Amino acid sequence: MLDLRWIRENPDAFDAALLRRGAEPLSAVVVELDESRRKLQTELQTAQARRNEAAKAIGKAKAAGEDADALIREVSDLKASVQEMEASERDMAARMDDLLAGIPNVLKDDVPDGADEDDNVEVRRFGDVPSFDFEPKEHYELGEALGMMDFETAAKLSGSRFVVTSGQIARMERALAAFMMDVHTEEKGYLEVSPPVMVRDHALFGTGQLPKFEEDLYKVDTGSYMIPTAEVPLTNLVRDSILSEEELPRRFTAHTLCFRSEAGSAGKDTAGMLRQHQFAKVEMVSITTPETSNEEHERMTGCAEDILQRLGLPYRVMVLCAGDTGFGARKTYDIEVWLPGQDRYREISSCSVCGDFQARRMKARYRPDGEKGTRFVHTLNGSGLAVGRTLIAVMENYQQADGSIVVPEVLRPYMGGLEKITK
RNA sequence: GGAGGGAUGGCUGAGCGGUUUAAAGCGGCGGUCUUGAAAACCGUUGUAGGGCAACCUACCGGGGGUUCGAAUCCCUCUCCCUCCGCCA
């Protein structure tokens, strides 16, 4: 949610920000609604003041045993118009809320222009793309050959975009999550959190998934939703609260399942477990002051990169262009891991700085030292990493000619010392 | 599923038809004192709109109603809690 006062005072900058995202200008609509609402509010308050004054005089007159009929008649007459104005004012406020709730965040100046993912800009690369003296396979070919990845059975149970893993592949997914969580909590200062994966609508409104992107979510019949990412519960941990400056930054991490309907992705990545309705992810969320959010963004991205480096997986970091940056983000880095089976880089993490956009939606504030009032905190979120996709990357990058998979050094303690997954 | 209780300013919590411009305590901010800190004492303390200065108005979970007048009475919705039942 953007600051209405900022829009009012910077209508041109507001329209320019929308234009960068390929959206139509809205300042005229917003400013007009805002002005008429405030004008009505003033009229309403004038009428209310007169009503209160008269009502008070009635009380006094009655107490003194005097006649108050004239005053009573005046207040009666005011009643209808006050009620009408109240209803109208409420309606305008609701329209303004709806309007603002659907407007995307303002991009940072250093976000490159562009329409879609083809315009994203590579920032850096790590690791050498491995060369094989055989034709590298895709993860599902490897997994099915090992007998540890079963898409057909999963389809019988749950439909498309599900998988059943078993044996050492299932264990490796668990090992990956445990490894990531240990690094973040023991070395990076994140607090381990085990949050609900089912949340109410207001939590999703807070992080920006609602009201605009409901079709991407699974809704259960009690009206709650399954989380599409642990960003939702972790960021909402500070909703409706006022933190002190000393307790910032707050850093949370969680290993959870995530659920996505993949409504707009029909036909995309249908093979394998790259794009599933249900997947595990380790998420990082930071709550910071406005002054430190940008450096926190770099730090968080580094935390995700560190996982890939320790796993020995080659990757590149992309900064998303204006057209590809998500609704609530001011700037996003995608980390793309090299998948030999696909012979290309694929997204494995996305780290975003949201400024006060989510904080305003969920009323998350802090009290700056030495200042009287409160300010909205800044929020950031990033995957560290998508566990299912990391499993894919390990399988494809560590595959051997015979279809076995070498277990990366750092994972072996989590897998009972196992060095290689074989049939 | 059954039966109750509750929602007041950053927090706790009074108020239950017009003397409330919403007590009081805590916290926050400023000050006195102190080498510094603590304690104590004094002052101050939200959001929004309008004049844009002292001021005025609205806001006691949301909406509706009763009334000349509602934080206070009635209806309704949402949420929270307690007990019983069932259950991991």
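Just so we're clear, the structure is a prediction, and the values are computed from it rather than from any experiment. Only heavy atoms go into these numbers, but all of them, side chains included; no hydrogens, no water, no symmetry mates. Here is how names work: the chains are called A, B, and so on, in the same order as the sequence lines, proteins then strands, and each is numbered from 1.
Screening residues 157-171 of chain A for side chain to side chain donor-acceptor pair (under 3.5 Å) gives no qualifying pairs among residues at least two apart or on separate chains. Sorted by first and then second residue, the salt bridge (charged side-chain N to carboxylate O under 4.0 Å, His left out) pairs with a member in residues 374-398 of chain A read A:Glu291-A:Arg375, A:Glu371-A:Arg375; sequence neighbours excluded.
With both ends at atom C1', the span from B:C52 to B:U57 equals 15 Å, rounded to whole Å. Using atom P as the reference point in both B:G4 and B:U8, the two lie 23 Å apart (nearest Å). Only the C1' atoms considered, B:U19 is 16 Å distant from B:U72, to the nearest whole Å. With both ends at atom C1', the span from B:U47 to B:G43 equals 23 Å, rounded to whole Å. Of the P atoms belonging to B:G5 and B:G10, the separation is 29 Å, rounded to the nearest Å.
Rounded to whole angstrom, the span from the CZ atom of A:Arg367 across to the C1' atom of B:C26 amounts to 13 Å. Between A:Asp240 atom CG and B:G9 atom C1' there is a gap of 15 Å when expressed in whole angstrom units. With rounding to whole Å, A:Leu243 atom CG is found 13 Å from B:C11 atom P. For the pair A:Glu43 CD and B:G50 P, the interatomic distance rounds to 13 Å; values are reported in whole Å. The nearest whole Å value for the distance from the CZ atom in A:Arg375 to the C1' atom in B:G28 is 16 Å. Atom-to-atom, CD of A:Glu89 to P of B:U57 comes out at 17 Å; the value is rounded to the nearest Å. B:C52 atom P lies 17 Å from atom CD of A:Glu9, rounded to whole Å. Here the P atom of nucleotide B:C77 and the CG atom of A:Asp201 are 18 Å apart, to the nearest Å.
The nearest heavy atom of RNA chain B to A:Ile242 and to A:Asp369 marks one nucleotide each, and the one closer to the 5' end goes with A:Ile242.
Stem list for RNA chain B (at least 3 consecutive Watson-Crick or G-U pairs, distances under 3.5 Å): B:1-7 with B:78-84, B:10-12 with B:24-26, B:27-32 with B:40-45, B:46-50 with B:55-59, B:61-65 with B:73-77.
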Solution key, residues 299-306 of chain A side-chain donor-acceptor pairs under 3.5 Å, sequence neighbours excluded:
residue, atom, partner, partner atom, Å
A:Arg299, NH1, A:Lys188, O, 3.4
A:Arg299, NH2, A:Lys188, O, 2.8
A:Thr301, OG1, A:His297, O, 2.8
A:Glu305, OE1, A:Arg124, NE, 3.2
A:Glu305, OE1, A:Tyr315, OH, 2.7
A:Glu305, OE2, A:Arg124, NE, 3.3
A:Glu305, OE2, A:Arg124, NH2, 2.6
A:Asp306, OD2, A:Lys188, NZ, 2.9
A:Asp306, OD2, A:Arg310, NE, 3.1
A:Asp306, OD2, A:Arg310, NH2, 2.9

Using a 3.5 Å cut-off and no angle test, enumerate the donor-acceptor pairs between side-chain atoms of residues 11-29 of chain A and protein atoms at least two apart in sequence or in another chain.
residue, atom, partner, partner atom, Å
A:Asp15, OD1, A:Leu26, N, 2.9
A:Asp15, OD1, A:Ser27, N, 2.9
A:Asp15, OD2, A:Ser27, OG, 2.5
A:Arg20, NE, A:Asp113, OD1, 3.1
A:Arg20, NH1, A:Lys108, O, 3.3
A:Arg20, NH2, A:Val111, O, 2.4
A:Arg20, NH2, A:Asp113, OD1, 3.1
A:Arg21, NE, A:Asn105, O, 2.9
A:Arg21, NH1, A:Thr325, O, 2.8
A:Arg21, NH1, A:Gly326, O, 3.1
A:Arg21, NH2, A:Asn105, O, 3.1
A:Arg21, NH2, A:Gly326, O, 3.2
A:Arg21, NH2, A:Ala329, O, 2.8

Listing, residues 272-282 of chain A side-chain donor-acceptor contacts under 3.5 Å, not counting sequence neighbours, or none:
residue, atom, partner, partner atom, Å
A:Arg275, NE, A:Asp269, OD2, 3.0
A:Arg275, NH1, A:Glu262, OE1, 3.4
A:Arg275, NH2, A:Asp269, OD2, 2.9
A:Gln276, OE1, A:Val163, N, 3.2
A:Gln276, NE2, A:Gly272, O, 3.4
A:His277, ND1, A:Tyr218, OH, 2.9
A:His277, ND1, A:Arg260, O, 2.9
A:His277, ND1, A:Ser261, O, 3.4
A:Lys281, NZ, A:Thr229, OG1, 2.8
A:Lys281, NZ, A:Glu283, OE1, 2.7

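Under the salt bridge (charged side-chain N to carboxylate O under 4.0 Å, His left out) criterion, A:Glu173 pairs with no residue, sequence neighbours left out. Scored by the ring pair (Phe, Tyr, Trp, His ring centres under 6.0 Å) test, A:Tyr345 finds A:Trp338 as partners (sequence neighbours excluded).
Ion pairing between a basic and an acidic side chain is recognised when a charged N comes within 4.0 Å of a carboxylate O; A:Glu296 and A:Arg251 show such pairing.
When every heavy atom of A:Val406 is checked against every heavy atom of A:Arg412, the shortest pair comes out as CG1-NH2, 3.7 Å.
For B:C79, one of the phosphate oxygens OP1 or OP2 lies less than 4.0 angstrom from a side-chain nitrogen or oxygen of A:Arg200.
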Report, one pair per line, the protein and nucleotides 44-49 of chain B atoms (nitrogen or oxygen only) whose separation is under 3.5 Å.
residue, atom, partner, partner atom, Å
B:G49, OP1, A:Arg8, NH2, 3.3
B:G49, OP2, A:Arg5, NH2, 3.1
B:G49, O3', A:Arg38, NE, 3.3
B:G49, N2, A:Gln45, OE1, 3.2
B:G49, N3, A:Gln45, OE1, 3.3

